[in-house]
Protein chains: 2
Amino acid sequence: MKETARMIDVARAAKVGLTTVSRVLNEPKSVSEETRQRVMRAIAEIGYVPNLVAGSLASRRTNVVAAMVPTIGNPVFSETIESMSDEFREEGFHLLLGRTGEDESETESLISTFLARRPDALFIHGSKMPAAAHAMLQRAAIPVVESGDLSRAEGAVDMVVAYSNFAAAKAMTSHLLSRGHRKIAFVGRETRLNDRAQERQRGYSAALKEARIPVRSELILDLMLGYQEGAQALLHLRAVEPDLDAIFFAGDVWAAGALYECQRQGWRVPTDIAIAGFDDHIVAAQTVPPLTTVRVRRGEIGRRAAQLLLSRLRGDEVVEKIINVGFEIIERESA
Amino acid sequence: MKETARMIDVARAAKVGLTTVSRVLNEPKSVSEETRQRVMRAIAEIGYVPNLVAGSLASRRTNVVAAMVPTIGNPVFSETIESMSDEFREEGFHLLLGRTGEDESETESLISTFLARRPDALFIHGSKMPAAAHAMLQRAAIPVVESGDLSRAEGAVDMVVAYSNFAAAKAMTSHLLSRGHRKIAFVGRETRLNDRAQERQRGYSAALKEARIPVRSELILDLMLGYQEGAQALLHLRAVEPDLDAIFFAGDVWAAGALYECQRQGWRVPTDIAIAGFDDHIVAAQTVPPLTTVRVRRGEIGRRAAQLLLSRLRGDEVVEKIINVGFEIIERESA
DNA sequence: AGACAATATGGTAGCGCTTCCATTCCGATG
DNA sequence: CATCGGAATGGAAGCGCTACCATATTGTCT
């Protein structure tokens, strides 16, 4: 096995200096057309593949962006990652991907190992930033975008691209109230670990309080996400409160699962019970009846985050450090 | 802004040699407990973050694995990536993620820029490997796992972890035939770009031929994936062939969309028409009626791929270079 | 006591690039 | 014709580590 070719090998083959080869690769216009051609030919002949590890060490730039999400598998996050990845790729950046699993100590250790790779920028979608992690990022002095919930804007390390889970959940709950529903249940995720879920629940409660409707803890459920879990939640809540008007599921997957259960039970939606979701998952438009839900443009989060980071990497002064991508209530037929 | 601390700064602070600091970080047991403590304390005080870029250059190992998928957003792929990421993380490897978009030239350029980052191993899920890319990977001399379809095993760069789309589709079609269906339509993806889709269609045709049933091209559809598209396909196919018995959708999302359309139309499944899917998407168990489908363990692909790559990185001789993770027909009620 | 391992530590030469500083060579300028 | 400025190129000093080799110190066996 021959050793991999180095830049110096290309230089010798093309009978130019090392510096010239580097220039051909990094700033082609500073080299005469003739030498450029000669160098390119040598590169092709030798089959030279540049070593960006060495390049990064010398230039102190890696052209790598670290991205961290709670789980890679969740479409909500992978949509964000995908559009971010596309945006960065055009500018020659690659994505180092990690998952935190909503876990603080995991987040912390992941950030620290990521920083050792000297990414030029970092994106993190997650719950509250551990204090140690905050300090590390600050010291690293690279552009950072946090996402997850707009409330993160206070005390943020650097920049934030997000929406308000509180406002979104409150808006949906108010919408249900405006439709005349009064006994409204709420299904969300484990609120201990997850401040987005917490905010949604707060939004629900706030809307009820504003309407002077007591918040009943037995109508609030904390569950894992899943179709099955949605169906079970429906049955459970109807057992607890037979007069239940509506259920606000803070996730379309639960809501879709509940709609299936309604079909199995022969309950009419929204006449017997109204169902609302969250996320505008692609299934939401197709369920029977179509699901009323909250839309958040996940791709937009990734895109804006990338743009913010890129402009900072270009050295531009970023004035708007907090971007609220907002949300939208999608009124369909289920509520 | 102070400069970031280097290893030599830690060494001076702890009054030890540079080498010793390196040892504390890389092979702690080769250092006496006392010095180790002293070094660790210095690291904490200074807030030293190792520079893996420099480390990688010197050691010629990056502890990075490059992973490429057609699209990041598709749960089918992100599930594979997630389990692969978990498997690698335990061993201290990070994932560099890219998407190819099923495009050959994109794949080629992505591979070449990825290789410049000197990953220790590479995973690629996609269609046929472009010849140039094949050559580059061969020259790079790193362990590679290809996935997508088992047929890739012939002429593979290195290792393959996959299942047979042909066999899976054929098995499902045979299952429909065994249930007495005779007029069976097939819905798949654009087969030009995507050899997995091609293989599935071949499997469908092969099963029909074996049963001496003519393959009718008007009963074969090439579509984009989507709930909506599934519903439309159903309507279209029933218009083309009113006596249609069954539809085999090579993707659960289409199938679920079709099931919704059946509800809207009041058609009974599987009495009026049988519906089969592919993927065992989490929605499949919950639809009304539950969807008969093909299950492929996507997480398993990621896990096995990671294990294969890891054992090669450890220097073990890998005997089984081709791993067939297989598939499973999940019989539910829709067919 | 002498010989030899084993253990613990340090010095230093690269790893393959980028970047700074020279240097050379030209045509343009007065 | 001497002077200058820009374009094109090359030399060499790091970037911050790891890995190899050397050295010092201790314990172990005969």
Going by number, which of residues 43-52 of chain B have a non-hydrogen atom under 4.0 Å from DNA chain D?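 Listed by number, they are B:Tyr48, B:Asn51.
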Can you check the [X] [atom1] to [N] [atom2] distance for me, whole Å?
X: B:Ile8; N: D:dT18; atom1: CD1; atom2: C1'; value: 13 Å
X: A:Arg12; N: C:dG16; atom1: CZ; atom2: P; value: 12 Å
X: A:Leu25; N: C:dC17; atom1: CG; atom2: P; value: 9 Å
X: B:Arg6; N: D:dG16; atom1: CZ; atom2: P; value: 6 Å
X: B:Arg117; N: C:dG16; atom1: CZ; atom2: P; value: 18 Å
X: A:Asn26; N: C:dC17; atom1: CG; atom2: P; value: 11 Å
X: B:Met7; N: C:dG11; atom1: CE; atom2: C1'; value: 15 Å

Just do the salt bridge (Lys or Arg N to Asp or Glu O under 4.0 Å) check on A:Arg196 and A:Glu102 with the steps written out, would you? CA-CA 11 Å; A:Arg196 281 108 59 209; A:Glu102 305 277 13; 2.9 Å; yes
Around atom CE of A:Met136, are there more than 12 heavy atoms from other residues, nucleotides or ligands closer than 6.0 Å?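 Yes, CE of A:Met136 has more than 12 neighbouring heavy atoms, counting only those of other groups under 6.0 Å.
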Other residues, nucleotides and ligands only: do more than 12 of their heavy atoms fall within 6.0 Å of CZ on A:Arg297?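 Open: at most 12 neighbouring heavy atoms sit under 6.0 Å from CZ of A:Arg297.
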How does each nucleotide of nucleotides 6-12 of chain D score, in 5' to 3' order, for protein heavy atoms under 4.0 Å: base (B), sugar-phosphate only (S), or none (-)? ---BBBB
Side chain to side chain, B:Leu308 and B:Pro143, heavy atoms closer than 4.5 Å: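 When only atoms from C-beta onward are counted, B:Pro143 and B:Leu308 do not touch, as no gap falls below 4.5 Å.
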Within the structure provided, determine whether B:Leu25 and B:Val39 are in side-chain contact (heavy-atom separation under 4.5 Å).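 SC-SC contact between B:Leu25 and B:Val39 ruled out.
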5' precedence on DNA chain C between A:Val53 and A:Arg61 (nearest-nucleotide basis):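 Taking each residue's closest nucleotide, the earlier one in sequence belongs to A:Val53.
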Please report how far the helix from C:dA1-D:dT30 to C:dG30-D:dC1 bends, comparing the axis fitted to its first five pairs with the axis fitted to its last five, to the nearest 10 degrees.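 For the helix from C:dA1-D:dT30 to C:dG30-D:dC1, the axes at opposite ends meet at about 40°.
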If you measure from the Lys or Arg side-chain nitrogens to the Asp or Glu carboxylate oxygens, is any gap between A:Arg304 and A:Glu320 under 4.0 Å?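 No.
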Taking A:Arg152 first and then A:Asp149, would you say they form a salt bridge - that is, a charged N and a carboxylate O separated by under 4.0 Å?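 Salt bridge flag = no for A:Asp149 with A:Arg152.
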Going by side chain to side chain donor-acceptor pair (under 3.5 Å), name the pairs with one or both residues in residues 80-90 of chain A, residues two or more places apart or in two chains.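 Matches after skipping sequence neighbours: A:Glu82-B:Arg99, A:Asp86-B:Arg99, A:Glu87-A:Gln307, A:Arg89-B:Glu106, A:Arg89-B:Ser109.
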D:dG16 phosphate, OP1 or OP2: any side-chain N/O from A:Arg60 under 4.0 angstrom?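 Answer yes for this pair, as a side-chain N or O of A:Arg60 is under 4.0 Å from OP1 or OP2.
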Among D:dG16, D:dT18, C:dT18, the one nearest A:Ser59 by side-chain distance: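 Given the options D:dG16, D:dT18, C:dT18, the side chain of A:Ser59 is closest to C:dT18.
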Quick one: list whatever passes salt bridge (Lys or Arg N to Asp or Glu O under 4.0 Å) with B:Glu108, sequence neighbours left out.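 B:Glu108 satisfies salt bridge (Lys or Arg N to Asp or Glu O under 4.0 Å) with no residue once adjacent residues are dropped.
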ring-ring contact (aromatic ring centres under 6.0 Å, His included) with A:Phe114: which residues, sequence neighbours excluded?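 Per chain and number, A:Phe114 pairs via ring-ring contact (aromatic ring centres under 6.0 Å, His included) with B:His94.
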So, B:Thr19 and B:Ser22: side-chain donor and acceptor under 3.5 Å apart, yes or no?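 Side chains of B:Thr19 and B:Ser22: no pair found under 3.5 Å.
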